[in-house]
Colleague: 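Would you mind keeping the following structure in view while I ask a few things?
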2 protein chains.
Amino acid sequence: MPKVVDRQNRRRSVAEAIHRIAARGGLEEVSVRMVATEAGLSVGAVQRAFPTKNDLLRFALDTSVDEVAARFSRIRIGPELLTFAEGLRAVLVDLLPTDERRRAQIRIWAAYYARAAVDPEFAKVLADLDTRSRANLTAALTYARDQGELTSGQDIDALVELLMVIIDGLWLTCARLPEGTDLSGPRAAIDAAVALVSAR
Amino acid sequence: MPKVVDRQNRRRSVAEAIHRIAARGGLEEVSVRMVATEAGLSVGAVQRAFPTKNDLLRFALDTSVDEVAARFSRIRIGPELLTFAEGLRAVLVDLLPTDERRRAQIRIWAAYYARAAVDPEFAKVLADLDTRSRANLTAALTYARDQGELTSGQDIDALVELLMVIIDGLWLTCARLPEGTDLSGPRAAIDAAVALVSAR
DNA sequence: TTCGTATCGATACGAACGTATCAGAATCCG
DNA sequence: CGGATTCTGATACGTTCGTATCGATACGAA
């Protein structure tokens, strides 16, 4: 009977507006009014899509997590696919702010992590992503060990933890690089990490 | 002639108040009023110590950077001191949130990094710290190589970059651990990092 | 077409923010 | 001890925030 809007699309476009704002000035600059303007909507329209601001941020976080998870899962190692070393390098290189979208995402993630440090609800979302990442890394490392691609004498679980640390550290290190800085530093770190973990 | 207060002490105690607040609820919860209440001062007193809020946050950041730099510089490797492996482990273990002060500091740093991602002024402070850290790590790694303590065939500059990444990654990984989580994961990561970098 | 209802945009509201102001209290020097 | 001056704390101001409200609008079913 009544007018009906595509709620899902509405929410998606609002989430993108949030990310554009957050990429410019951090999560602190994200206000309902700003989001509405950025998305070309009225405040009321945004309010109907997301009753509270917390819903707004939660959805934006979920969206971002999904995007990163999807990017990761596209990189597959295995027979006739990538070797472990190639896959690890691909995952790490994919984190680098090589384009504007990635640069924006890194800024946003820095904000999310800061919030997760004091907001259990946000922490839980990231913890879930961690669980998935850990599982993926464990599988990859097990495969690598079976293929003899791994530096011997290392505990796989410990290596997984180290790789988690390196992944987080890599994008965080990039987060505070001034725009336009060349990425040779982070690239060297990736080289060193791959070299140390892979069999010589 | 006039009344005089110990400005330096005043500023220091205000900075500590900021850190207590930020440790609880992030940098977003730091307002001039809150800081005044937390420090047991009036708004006016805080305003005299720090004309604007930006001055407030800048000072708190500088204070925190100094504290971390001081902690680092207390760990010294060399003859009759620590071996490289011991020193590296000590530096990394020192980052873990093993007490309330460190836990608070990690939360605050997450907030600072998020801000640095969108605020060049903050980014510069952290970049300066990076420069110092890189120099220290380069010296340590050079010493380690000369002592034969280093995994051979690795470029020192690349290893420095990797260690920078690991350092950032380590505390960031800890930042989103729920309070009370045991630190066996991060500790395993430290073990793996030390084992991989040090000579076998 | 028309009626019911979901959507809309504008506006209102109270709270909190950073900052400015200013009369009085507190302090040190001559 | 008195007066010059800095410090103090309360209060005010103008914004901006998240959220609530509400008539107008637009659309699908009858």
Side-chain angles (χ1 to χ4, degrees), chain A residues 1-15 17-22 24-62 108 111-112 114-115 118-119 121-122, chain B residues 1-62 108 111-112 114-115 118-119 121-122:
Chain A
M1 311 151 174
K3 188 178 190 173
V4 50
V5 308
D6 185 338
R7 190 108 55 157
Q8 206 54 29
N9 268 347
R10 170 66 51 89
R11 285 165 71 93
R12 237 193 306 273
S13 74
V14 168
I18 293 174
H19 283 165
R20 282 196 298 275
I21 297 166
R24 285 199 301 266
L27 228 38
E28 307 170 34
E29 287 204 358
V30 174
S31 69
V32 176
R33 282 167 241 264
M34 273 239 68
V35 170
T37 303
E38 179 75 31
L41 298 171
S42 68
V43 172
V46 174
Q47 280 184 297
R48 212 149 312 94
F50 299 98
T52 72
K53 192 188 180 184
N54 206 53
D55 297 332
L56 210 72
L57 296 180
R58 268 299 309 276
F59 184 80
L61 171 60
D62 291 342
I108 296 161
Y112 284 148
R115 174 137 186 175
V118 293
D119 179 339
E121 196 185 349
F122 274 55
Chain B
M1 312 155 175
K3 185 183 192 172
V4 52
V5 307
D6 185 338
R7 189 107 55 159
Q8 206 54 30
N9 268 348
R10 170 66 53 89
R11 285 165 69 94
R12 238 194 304 274
S13 75
V14 168
E16 295 204 356
I18 293 174
H19 283 165
R20 282 197 298 275
I21 297 166
R24 286 200 300 266
L27 228 38
E28 308 170 33
E29 286 204 359
V30 175
S31 70
V32 176
R33 280 165 241 261
M34 273 240 69
V35 170
T37 303
E38 179 76 30
L41 299 169
S42 68
V43 173
V46 174
Q47 281 184 297
R48 209 149 313 93
F50 300 98
T52 71
K53 192 188 180 183
N54 206 52
D55 298 331
L56 208 72
L57 295 180
R58 267 300 309 274
F59 184 81
L61 171 60
D62 291 343
I108 296 161
Y112 284 149
R115 174 139 186 173
V118 293
D119 180 337
E121 196 184 348
F122 274 56

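Order of the sequence lines sets the chain letters (A, B, ...), proteins ahead of strands, with each chain counted from 1.
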Colleague: With B:Val14, which of B:Arg11, B:Arg10, B:Arg12 fulfils side chain to side chain contact (heavy atoms under 4.5 Å, CB included)?
Modeller: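 That would be B:Arg10; it is the only one of B:Arg11, B:Arg10, B:Arg12 passing the side chain to side chain contact (heavy atoms under 4.5 Å, CB included) with B:Val14.
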
Colleague: Rounded to whole Å, how long is the line connecting atom CG of A:Asp55 with atom C1' of D:dT19?
Modeller: 12 Å

Colleague: Could you tell me how far apart B:Glu29 (CD) and D:dC17 (P) are, to the nearest whole angstrom?
Modeller: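 Roughly 18 Å, once rounded to whole Å.
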
Colleague: Quick one: which of D:dC17, C:dC17, C:dC8 gets closest to the side chain of B:Lys53?
Modeller: C:dC17

Colleague: In whole angstrom, give the distance that lies between atom CG of B:Asp6 and atom P of C:dT27.
Modeller: 14 Å

Colleague: Starting the side chain at C-beta, find the nucleotide from C:dA12, C:dC8, C:dA10 nearest to A:Ala45.
Modeller: C:dC8

Colleague: How long is the line joining CZ of B:Phe50 and C1' of C:dT19, in whole Å?
Modeller: 16 Å

Colleague: If you compare all heavy atoms of B:Glu121 against all heavy atoms of B:Asn54, which two are closest, and at what distance to 0.1 Å?
Modeller: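 The pair with the smallest heavy-atom distance is OE1-ND2, 3.3 Å.
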
Colleague: Base, sugar-phosphate, or nothing: which does B:Val30 touch, judged by heavy atoms less than 4.0 Å apart?
Modeller: sugar-phosphate

Colleague: Given that B:Arg33 and A:Gly40 both sit by DNA chain C, which one's nearest nucleotide is further toward the 5' end?
Modeller: A:Gly40

Colleague: Could you check whether B:Arg58 pairs with B:Asp62 (Lys NZ or Arg NE/NH1/NH2 to Asp/Glu carboxylate O, under 4.0 Å)?
Modeller: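 Salt bridge between B:Arg58 and B:Asp62, a charged N being under 4.0 Å from a carboxylate O: yes.
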
Colleague: Atom CD1 of A:Ile21 and atom P of D:dT16: how far apart are they, to the nearest Å?
Modeller: 15 Å

Colleague: Closest approach to the side chain of A:Arg10, judged atom by atom: which nucleotide of C:dG18, C:dC8, D:dT8 is it?
Modeller: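 It is C:dC8.
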
Colleague: Are B:Arg48 and D:dT8 close enough that a side-chain N or O sits under 4.0 Å from OP1 or OP2?
Modeller: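 Looking at the OP1 and OP2 atoms of D:dT8, one of them is under 4.0 Å from a side-chain N or O of B:Arg48.
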
Colleague: Applying the side-chain hydrogen bond (donor to acceptor under 3.5 Å, both in side chains) test to B:Glu38, which of B:Arg33, B:Arg24, B:His19 qualifies?
Modeller: B:Arg24

Colleague: Taking CD from A:Gln47 and P from C:dA10, how many angstroms apart are they, rounded to a whole number?
Modeller: 13 Å

Colleague: In whole angstroms, how far is the C1' atom of C:dG18 from the CG atom of B:Asn54?
Modeller: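 Rounding to the nearest Å, CG of B:Asn54 and C1' of C:dG18 are 12 Å apart.
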
Colleague: Between C:dA16 and B:Ser31, is there an OP1 or OP2 to side-chain N/O distance shorter than 4.0 Å?
Modeller: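 No, outside the criterion.
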
Colleague: Under 3.5 Å for both donor-acceptor distances, Watson-Crick or wobble: does D:dA30 have a partner, and if so which one?
Modeller: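 The answer is C:dT1, by the H-bond criterion.
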
Colleague: Rounded to whole Å, please give me the gap between CD in B:Glu28 and C1' in C:dC17.
Modeller: 14 Å

Colleague: Please determine, for the side chain of B:Val32, which listed nucleotide (C:dT19, C:dA12, C:dG9) has the closest atom?
Modeller: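 That would be C:dT19.
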
Colleague: A:Val118 and B:Ala22: which non-hydrogen atoms are nearest, and at how many Å?
Modeller: CG1-O, 4.2 Å

Colleague: Between B:Arg7 and A:Pro51, which residue's closest nucleotide on DNA chain D lies nearer the 5′ terminus?
Modeller: B:Arg7

